[in-house]
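In what follows, every chain begins at residue 1, and chains take the letters A, B, ... in the order their sequences are listed.
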2 protein chains.
Amino acid sequence: MQEIYGMPGHLIRRAHQISGALFAEEVGEHDLTSVQFSALFAIRAYPGVDATRLSALIAFDRSTLGGVLERLEAKDWIVREPAPADRRAKRLRLTPAGADLLQEVEGPVRRVQEKLLAPLSPADRATFLRLAAQLADLHNEVTPAPIRRAMVG
Amino acid sequence: MQEIYGMPGHLIRRAHQISGALFAEEVGEHDLTSVQFSALFAIRAYPGVDATRLSALIAFDRSTLGGVLERLEAKDWIVREPAPADRRAKRLRLTPAGADLLQEVEGPVRRVQEKLLAPLSPADRATFLRLAAQLADLHNEVTPAPIRRAMVG
DNA sequence: CGTTGAAAGTCAGTATGCGTTCTTTCAGTG
DNA sequence: CACTGAAAGAACGCATACTGACTTTCAACG
């Protein structure tokens with residue numbers, strides 16, 4: 001079993017599992033998941049994005065994002081208004097309630113990140129983040145790569 | 001958006017996403033997921049385990065594991081036989097086909113792990129694994145912790 | 001030996017995550 | 001301006017994940 005415990009794939013799955021558990025612990029009472037938080041955050045940063053660009057921004061699968069946006073809309077945190085120039089696209093915006101919620105949870109979300117890295121020494125935290133970012137960035141071909149400097153908004 | 005891109009939670013989600021994509025690329029043709037591979041591997045290491053101990057060994061949610069085992073059984077890779085001493089439990093074993101498959105995919109699975117870490121220098125790979133293991137180990141309270149030295153088999 | 005609390009599995013409900021397909025709409029081309 | 005290929009969403013199917021409830025069975029205890 002040591003083979004599995006040492007596999008990067010297994011360790012990454014565990015880290016993801018832990019990340020989700022911590023997020024639920026700190027933010028779950030707001031009825032918000034980490035995925036939904038990322039979507040709200042990105043919509044605030046780029047008011048009026050369409051779903052496809054949003055999916056690229058935060059590296060979500062397009063199909064998955066549909067359901068996420070549906071739930072956010074049902075909770076009255078975002079609206080999907082038709083784009084004037086393109087009748088296929090729908091522009092996404094936060095509602096006042098969505099903006100309020102986002103502000104409320106930013107503290108708790110920061111705490112999640114701190115708790116997540118708490119087992120590492122401060123120096124190791126920086127190293128871990130650097131290596132994780134490097135790993136993700138250099139694998140942008142295999143998954144929906146984020147558009148860092150997209151022509152959005 | 002830089003805030004999100006630098007969050008450990010986001011980076012870990014990306015790493016998990018990439019890991020899954022690489023696994024599908026290398027092993028997907030065998031109709032096997034990374035989750036199913038872990039289960040098969042652990043069952044081979046501990047023939048006769050029950051589902052609850054298996055879930056602890058590989059850090060799976062117990063409810064989730066039910067469906068995974070069902071699919072493995074449907075593909076004739078494992079059998080669930082009633083435990084003689086405890087009529088609640090079902091002992092898990094590989095079928096010959098399951099054992100064959102596992103051997104077949106071990107090479108490809110190793111390649112997945114190598115590709116996953118390929119963006120890092122050899123020294124950084126070791127560091128990343130060490131830190132990820134440390135992070136996972138020291139968070140064992142918040143999620144189903146693996147029983148490293150369980151009294152199984 | 002009967003009661004009781006816990007363990008093993010299952011099931012229902014909700015939320016991702018990804019592949020595939022289909023419709024609608026657009027944009028470039030001849 | 002008709003045609004074609006591509007883009008944007010929506011919808012369907014499968015596979016995790018996890019919570020909570022429920023049944024069956026066991027084991028410990030008085």
Side-chain angles (χ1 to χ4, degrees), chain A residues 9 12-25 27-29 31-39 49-56 58-75 80-92 142-144 152, chain B residues 9 12-25 27-29 31-39 49-56 58-75 80-92 142-144 152:
Chain A
I12 288 171
R13 190 181 64 81
R14 286 282 292 140
H16 184 240
Q17 188 180 35
I18 288 163
S19 173
L22 290 178
F23 196 98
E25 232 177 67
V27 195
E29 60 195 307
D31 194 22
L32 183 75
T33 67
S34 62
V35 159
Q36 292 169 12
F37 168 79
S38 290
V49 261
D50 58 279
T52 295
R53 290 185 201 224
L54 177 60
S55 78
I58 49 186
F60 281 15
D61 185 82
R62 273 224 284 279
S63 304
T64 302
L65 185 56
V68 175
L69 294 177
E70 203 175 304
R71 285 181 282 278
L72 289 177
E73 194 177 27
K75 285 184 277 200
R80 289 193 271 194
E81 37 192 46
D86 188 338
R87 261 181 298 176
R88 292 170 301 177
K90 290 177 182 173
R91 298 170 74 80
L92 304 167
V142 298
T143 60
V152 276
Chain B
I12 287 170
R13 190 181 65 81
R14 287 280 293 140
H16 183 239
Q17 187 180 36
I18 290 162
S19 173
L22 290 178
F23 197 98
E25 233 176 68
V27 194
E29 61 195 307
D31 192 23
L32 183 74
T33 68
S34 61
V35 160
Q36 292 170 12
F37 169 78
S38 290
V49 261
D50 58 279
T52 295
R53 290 183 199 225
L54 177 60
S55 78
I58 51 185
F60 282 16
D61 184 82
R62 277 168 32 127
S63 302
T64 302
L65 185 56
V68 175
L69 295 177
E70 204 175 304
R71 285 181 283 279
L72 289 177
E73 196 178 24
K75 286 184 278 198
R80 289 193 270 194
E81 36 191 48
D86 188 338
R87 260 181 300 176
R88 292 171 300 179
K90 292 175 180 173
R91 299 170 74 80
L92 304 166
V142 298
T143 60
V152 276

> Kindly write out the residues that satisfy side chain to side chain donor-acceptor pair (under 3.5 Å) with A/Arg87, not counting sequence neighbours, or none if the list is empty.
none

> Output the distance between atom CG (B/Leu92) and atom CD (B/Glu73), rounded to the nearest 0.5 Å.
9.0 Å

> How many Å lie between CG on B/Leu69 and P on D/dA15, as a whole number?
14 Å

> Can you tabulate the close N/O pairs, meaning under 3.5 Å, that link protein atoms to atoms of nucleotides 1-5 of chain C?
none

> Taking the side chain of A/Arg80 as its heavy atoms from C-beta onward, which of D/dC18, D/dA10, D/dT25 lies nearest to it?
D/dA10

> Which whole-number value in Å describes the distance from A/Asp61 CG to C/dC18 P?
5 Å

> Any idea which of C/dG17, C/dA8, C/dA15 is nearest the A/Val35 side chain?
C/dG17

> Would you kindly give the CD1-to-P distance between B/Ile12 and C/dT16, to the nearest whole Å?
18 Å

> Take the protein atom CD1 of B/Ile58 and the nucleotide atom C1' of D/dT16, then report the distance between them rounded to whole Å.
13 Å

> Just how far, in rounded Å, is P of C/dT16 from CZ of A/Phe60?
8 Å

> Could you grab the distance from atom CD1 of A/Ile12 to atom OG of A/Ser19, nearest 0.5 Å is fine?
12.5 Å

> Tell me which nucleotide among D/dG9, C/dT16, D/dT16 gets nearest to the side chain of B/Thr64.
D/dT16

> A/Phe23: what forms a ring-ring contact (aromatic ring centres under 6.0 Å, His included) with it, not counting sequence neighbours?
none

> In terms of side-chain heavy atoms of A/Asp50, which of D/dT16, D/dA8, C/dG17 is nearest?
D/dA8

> Students often get this wrong, so: under 4.0 angstrom with heavy atoms, is B/Thr33 touching a base, only sugar-phosphate, or nothing?
sugar-phosphate

> Between A/Gln36 and A/Ala85, which is nearer to the 5' end of DNA chain C once each is assigned its nearest nucleotide?
A/Gln36

> Once you round to the nearest 0.5 Å, how far does CG of A/Leu69 lie from NZ of A/Lys90?
10.0 Å

> Can you find a donor-acceptor N/O pair under 3.5 angstrom joining the side chain of A/Ser63 to the base of C/dG17?
no

> I need the B/Ile58 CD1 to A/Arg13 CZ distance, nearest 0.5 Å.
7.0 Å

> Just how far, in rounded Å, is C1' of D/dA17 from CZ of A/Arg13?
10 Å

> The side chain of A/Arg87 lies closest to which of these nucleotides: D/dG9, C/dT25, C/dT16?
C/dT25

> Among all residues two or more places apart in sequence or in another chain, which pass the side-chain contact (heavy atoms from CB on, under 4.5 Å) test with B/Ser63?
B/Asp61

> Please identify each residue that fulfils salt bridge (Lys or Arg N to Asp or Glu O under 4.0 Å) with A/Arg88, with sequence neighbours left out.
A/Asp86

> Report yes or no: does B/Gln17 contribute a side-chain atom to a donor-acceptor pair with the main-chain N or O of A/Ala59 at less than 3.5 Å?
yes

> Could you go through nucleotides 1-7 of chain D and list every protein N or O atom that sits under 3.5 Å from one of its N or O atoms, giving the distance for each pair?
unit_1 : atom_1 : unit_2  : atom_2 : d
D/dA7  : N3     : A/Arg88 : NH1    : 2.7

> Distance check needed: C/dA12 C1' versus B/Glu70 CD, whole Å only.
14 Å

> Starting at the 5' end of DNA chain D, which residue's closest nucleotide do you reach first, A/His16 or A/Gly66?
A/Gly66

> When rounded to the nearest 0.5 angstrom, what distance separates CG in B/Leu72 from CZ in B/Arg80?
9.0 Å

